[in-house]
Amino acid sequence: MKLKVKLYGTLSQQSPGYQHSQGVEVEIPDGGTVKDLLAHLEIAEKQGALVVIDGQILKADDTMRDGVHIHILQSLSGG
Amino acid sequence: MKFIRVNMSTKALSVEDVPEQYKGLGGRGLTSIMINEEVPPQCDPLGTDNKLIFAPGLLTGTSLVNTSRISIGAKSPLTGGIKESNVGGTVAVALGRLGITAVVVEGQAPQGALSFIRIDKEGNASLISAQEYKGMRTYQLVEKILKTYGEKTSVLCIGPAGEYRLAAASIQSSDIDGRPCRAAARGGLGAVMGAKGLKALIVDQGGKSADAIADPKAFTEAAKDVAKAIKADHMSGNVMPELGTAALVAPVNAMGAFPSYNATKGVLDGWENVSGEAMAELIKKRGGNTTHMGCAQCIVHCSNEFVDAKGKYVTGSLEYETIWSMGGMTGITDLDTIAQLDFLCDDIGVDTMSTGVAVAVAMDAGHKKFGDGKAAIEMVEEIAKGTAFGNVMGNGPAAVGKHFNHARVPVVKGQGVAAYDPRAMLGNGVTFATSPMGADHTAGNLVGLYLTQELDPLKPEGQVETSRFLQTVMAAFDCTGVCLIAFLSLLTPEAGEAFLKVLNAKLGTEFGPDDFPGAMGTRVLKAEREFNKKAGFTNEDDRLPEFYYKEPLPPHNTVFVISDEELDSTFDF
């Protein structure tokens, strides 16, 4: 399935040529989970990634549907 | 270890050894415990009996990185309770290197008299007439001060708002580049400084008489581990240098907790235009700096320099809370306008958070439309003019609500809220309601735990306990001079142990985790709550405004559901 992904924080640093206004299209096998998506994008656990669809933060084993718009954010603490 | 006491009524200055009862205290711990001891709780915050105390942290003046915070304390004219507001820049380190534990400003100059307190590199203090600087805005003032006293000078100062004694007036602090762009903004301490007749505290940076370190070898070793932990953390070592605190715009909107349009929505339409990512892209395109060293001894560099289309400096470090208050709350999604508003607040000397919320309340009351950037700039400029409406604006959101007879006023204990809506982040609501400071974004902020999904922001379970824990930890760290960004990277067991070693090596103590942050944080909070109680506060002051309980916040459409009884248990230590 194809997913439209926007990367936030410093997550785009490892995707050369990434343009924030465009985002990036990612293809992973049908039934892929959040964990699969992060692995595909080579985002490590210590980077604190959060996968968000329609304002909901997903859990690592949640699956995604073809064509959805995904925001991948970074967890931060406040100040 | 010495106090400099300055009596503005008699013009007497004295230097004394730190009294026994205050030994081992620094930063917020020192200001709050001293105020509780020495300031009559019922006094007029703008009268002779209030004291304005400047206290660097316990570790400030040492070689430890990110220890540039100074706590400023007094009875607040905004909340009527105790207040500590801390700020970075360079002045804390300058005082620390002189071995000055606190500068205590007492009494009150005759009406209209204005002075500087200057401390030279030998630690000698003097009072100097500042009549010629009356009404001057902070950028021009600091430029003149640096020209007179040298570039290696640190300044804490007030602008016109402080001289007018407005309840949202800030004290501005000069950064590494000598710009007064950092603020001890909350609680109206600029008004206290204005009421004392003090325009600026000026400190030479050349001091070489810092307090001795009890165990220098252990200190140096542990300090290296602390620095490594700050660099290794993904937030302080990676995200903050790239995007600064503005990186929070995206996740807090994603959580539906970004108070927008005077806290009627949890997502700002067009937040992508004001996100940290958008700001970094714009600054880079224009040739500004997305990362910048704002404070002495900083290794994080979360600061930025926002420039206009021609590459000219507009403001220094546009931060998350200001983007929210001047953008989210007002519906303004143009970064140039928000940057201009940030600069104006720094220059006039008012809190960007309270002022943004004040603008939002005025817009919500129908005075102007949400999103009208020109109107927002005019409203803030009005503060500098000293007009009747400018005074209303400069006295903060509660004053604006009263002026327009408008009920939706997001304040606690009179102080405007911060950038996390209590209905979508319940624990932050607990902190806003119960902090002795009034609504506050640094007193015990749970956002990190919500983003890592360690705590559900919409379920009441665990919110009070977590707020209690974080408020205690913050009260302790606010004693040390360490900045919040660095502190957040020290919460792992290894980093926490290294930090404790540093503290013990500096003080010659044998603190364990129960002593720090535990006992120290509790001691500070107890003193603050004791003062507030004597000043007339009751449990009823530890509540959010009514609309948070009654108006559901989209997109989650939830209200604040922590009961009064639960709130009242927050400080059951």
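Source: prediction; values computed, not measured. We use all heavy atoms of the structure for the numbers below, so side chains are in, but hydrogens, waters and symmetry mates are not. Throughout, protein chains are lettered first and strands after them, A, B, ... in sequence-line order, and every chain is numbered starting at 1.
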Checklist entry - Take atom CD in A/Glu42; do more than 12 heavy atoms of anything else shown fall under 6.0 Å from it? => result no
Checklist entry - Using a cut-off of under 4.5 Å for heavy-atom pairs, which of B/Met255, B/Glu242, B/Gln453, B/His556 has the most such pairs with chain A? => result B/Gln453
Item to check | Heavy-atom contact with chain A under 4.5 Å, split by part of B/Glu281 | outcome: side chain
Checklist entry - Do you know the tightest heavy-atom contact between A/Ser77 and B/Gly448? => result OG-CA, 3.7 Å
Checklist entry - For B/Pro555, is it the side chain, the backbone, both or neither that has a heavy atom under 4.5 Å from a heavy atom of chain A? => result neither
Item to check | Proximal component of A/Gln74, with respect to chain B [non-hydrogen, under 4.5 Å] | outcome: both
Checklist entry - Which heavy atom of A/Leu73 sits nearest a heavy atom of B/Pro251, and at what distance? => result CD1-CA, 3.7 Å
Next on the checklist: Restricting to non-hydrogen atoms, name the atom on A/Ser75 and the atom on B/Thr452 that form the minimum distance, rounded to 0.1 Å.
Outcome noted: OG-CG2, 3.8 Å
Checklist entry - Can you check whether B/Glu277 reaches A/Lys6 side chain to side chain, under 4.5 Å on heavy atoms? => result no
Checklist outcome for this item: Taking every heavy atom of B/Leu451 against every heavy atom of A/Leu50, the minimum-distance pair comes out as O-CD2, 2.7 Å
Next on the checklist: Ring-plane angle category for B/Trp271 and A/His71, please: parallel below 30°, perpendicular beyond 60°, tilted otherwise.
Outcome noted: perpendicular
Item to check | Enclosure of B/Phe469 CZ (heavy-atom neighbours >12, cutoff 6.0 Å) | outcome: no
Next on the checklist: With rounding to the nearest 0.5 angstrom, report the CE to OG1 distance, B/Met240 to A/Thr10.
Outcome noted: 9.5 Å
